[in-house]
Amino acid sequence: ALRRARALCEGLAIDADRMRANLDAARGAPLAEALVLALTPHAGRERAQALVREGLEASRAHGTHLVEAVRARSDAPLDWGALADPANYLGSAEAQIDRVLAEAKRVLEG
């Protein structure tokens with residue numbers, strides 16, 4: 001399976017402009033879980049989920065970014081700018097990718 005996945009990915013090209021356009025079009029929706037996690041210590045889990053749900057509805061209705069819609073509903077002392085920055089969307093993805101690639105290399109070479 002790994003060899004097949006490798007063959008499939010060899011011709012893969014990353015279109016950073018298209019990726020950015022997709023993120024912009026989503027208006028922060030991929031951040032919903034991260035927002036709940038950031039808000040939970042300040043508002044409790046249920047209230048954090050409700051704030052994000054309300055923010056998603058407002059974002060869709062008014063074409064605003066999710067982070068701004070949630071920020072308008074919360075006085076939590078968060079780094080709202082960092083939460084809205086697409087560069088921070090990855091979370092621990094890089095570390096997970098490194099682990100998977102190291103294991104794949106070990107399997108393919110072994």
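The residues of the chain are indexed from 1 along the displayed sequence. Keep in mind it's a predicted model, so treat the numbers as computed, not measured.
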Query - Stepwise side chain to side chain contact (heavy atoms under 4.5 Å, CB included) test for Arg47 and Thr40 - result: CA-CA 8 Å; Arg47 181 66 185 137; Thr40 295; over 6 Å; no

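- Counted within 6.0 Å of CG on Leu8, heavy atoms from surrounding residues, nucleotides or ligands total more than 12; the atom is thus considered enclosed.
- Shortest non-hydrogen contact noted between Leu83 and Leu31 is O-CD1, 3.1 Å.
- More than 12 heavy atoms of other residues, nucleotides or ligands sit less than 6.0 Å from atom CG of Asp15.
- Expressed to the nearest 0.5 Å, how far CZ of Arg73 lies from CZ of Arg53 amounts to 12.5 Å.
- By the 4.5 Å side-chain criterion applied to Ile, Leu, Val, Met, Phe, Trp and Tyr, Ile97 is assigned to a cluster that also includes Leu101.
- Shortest non-hydrogen contact noted between Ser59 and Ala69 is N-CB, 4.3 Å.
- The two residues Gly28 and Leu66 have their closest heavy-atom pair at O-CD2, 3.3 Å.
- The two residues Thr64 and Ala58 have their closest heavy-atom pair at OG1-O, 3.9 Å.
- Take Asn88 and apply the side chain to side chain donor-acceptor pair (under 3.5 Å) test, not counting sequence neighbours, and it matches no residue.
- Listed by first and then second residue, the salt bridge (charged side-chain N to carboxylate O under 4.0 Å, His left out) pairs involving residues 24-36 are Arg20-Asp24 (not counting sequence neighbours).
- To the nearest 0.5 Å, atoms CG (Leu78) and NE2 (His42) are separated by 4.5 Å.
- Across all their heavy atoms, Val70 and Leu51 have their closest contact at CG2-O, 3.9 Å.
- Hydrophobic clustering, defined by side-chain heavy atoms of Ile, Leu, Val, Met, Phe, Trp and Tyr closer than 4.5 Å, groups Leu2 together with Val107, Leu108.
- The number of heavy-atom neighbours closer than 6.0 Å to CD of Glu10, taken from other residues, nucleotides and ligands shown, is above 12.
- By the side-chain contact (heavy atoms from CB on, under 4.5 Å) test, Ala84 is found to be paired with His65, Val67, residues two or more places apart in sequence or in another chain being considered.
- Residues Trp80 and Asp85 have side chains not in contact (no heavy-atom distance under 4.5 Å, counting atoms from C-beta outward).
- Looking at residues two or more places apart in sequence or on another chain, you find a side-chain contact (heavy atoms from CB on, under 4.5 Å) between Arg106 and Glu103.
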